Amino acid sequence: LGQQVSCDTNNPAPVANSSFVTYDFGLCLNRPDGAVNASDTIVIKSRLQVLNVSGNAQLQTMTVSSTFVFSRGETLVSNVSNSVLYRVVEPKLAIAIFNTTTRNVDAGD
């Protein structure tokens, strides 16, 4: 939250289901200071993780849509929506085992 913004819950825990993640800040107040800048903002950062299924293959693209719903008073509800295109990047993992023992090891046979 920007310095001019205070909410009932300044760091709400995300509540998720299979399609939505909800952050409930409760009532927020943007104290007027005569300037419109970063002090007047609410920023929500999220990390996305895809399931290891064939549809989520290397370089596959997917669209993630977000909607921010807010009210200006008791009755007027507004929202802002946006979509972002993401590309799946699979990690390249390699496993190597090295025996660096210089001792004469007896396996017991």
Side-chain angles (χ1 to χ4, degrees):
L1 297 176
Q3 294 173 341
Q4 293 301 113
V5 179
S6 61
C7 297
D8 292 340
T9 305
N10 288 333
N11 192 14
V15 177
N17 65 29
S18 62
S19 301
F20 298 95
V21 177
T22 302
Y23 298 88
D24 187 353
F25 289 89
L27 178 66
C28 294
L29 175 65
N30 183 6
R31 292 182 303 279
D33 63 354
V36 177
N37 53 31
S39 293
D40 302 315
T41 61
I42 296 174
V43 177
I44 300 172
K45 294 182 181 181
S46 297
R47 183 185 316 196
L48 303 176
Q49 182 176 358
V50 297
L51 297 174
N52 187 16
V53 296
S54 61
N56 295 334
Q58 177 75 359
L59 302 181
Q60 178 73 28
T61 57
M62 59 184 59
T63 302
V64 176
S65 299
S66 301
T67 302
F68 184 70
V69 179
F70 59 98
S71 66
R72 297 176 181 159
E74 296 293 324
T75 58
L76 179 63
V77 175
S78 301
N79 65 63
V80 177
S81 296
N82 193 21
S83 295
V84 177
L85 188 66
Y86 287 91
R87 186 175 308 275
V88 175
V89 178
E90 294 181 20
K92 294 190 181 225
L93 304 175
I95 298 173
I97 299 173
F98 299 97
N99 182 355
T100 58
T101 302
T102 59
R103 299 179 184 169
N104 186 6
V105 178
D106 183 357
D109 51 349

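Nothing fancy with the numbering, it's 1 onward along the sequence. These figures come from a predicted structure and were not determined experimentally.
Taking both residues in full, the closest heavy atoms of Ser81 and Thr67 are given as OG-OG1, 3.1 Å, listed atom of the first, atom of the second, then distance. In terms of heavy-atom proximity, Ile42 sits nearest to Phe25 at CG2-CZ, 3.8 Å. The minimum heavy-atom distance linking Ala35 with Asp40 is given by the pair O-OD2, 2.7 Å.
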Scan the side chains in residues 83-90 for donor-acceptor partners under 3.5 Å anywhere in the protein, sequence neighbours excluded, and list what turns up.
from  : atom 1 : to    : atom 2 : distance (Å)
Ser83 : OG     : Ser65 : OG     : 2.9
Arg87 : NH1    : Leu59 : O      : 3.3
Glu90 : OE2    : Gln58 : N      : 2.7

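Qualifying side-chain contact (heavy atoms from CB on, under 4.5 Å) partners for Ser66, counting only residues two or more places apart in sequence or in other chains: none. Among residues two or more places apart in sequence or in another chain, the side-chain contact (heavy atoms from CB on, under 4.5 Å) test is passed with Leu93 by Pro91. In this view, Phe68 and Phe70 satisfy the ring pair (Phe, Tyr, Trp, His ring centres under 6.0 Å) rule, not counting sequence neighbours. Qualifying side-chain contact (heavy atoms from CB on, under 4.5 Å) partners for Asp24, counting only residues two or more places apart in sequence or in other chains: none.
Remark: Gln60 CD is packed, more than 12 non-hydrogen atoms of other residues, nucleotides or ligands lying under 6.0 Å away. Within a 6.0 Å radius of CG in Asn17, other residues, nucleotides and ligands contribute more than 12 heavy atoms. Annotation: Asn11, atom CG; neighbour count of heavy atoms from other residues, nucleotides and ligands within 6.0 Å does not exceed 12.
With hydrogens and angles ignored, the 3.5 Å screen pairs a side-chain donor or acceptor of Asn56 with a backbone N or O of Leu51. Side-chain atoms of Gln4 do not come within 3.5 Å of backbone N or O of Asn30 as any donor-acceptor pair.
The closest side-chain heavy-atom distance from Val5 to Thr41 is not below 4.5 Å.
Residue pairs meeting the disulfide (SG to SG under 2.5 Å) criterion with at least one partner in residues 16-47, sequence neighbours excluded, are Cys7-Cys28.
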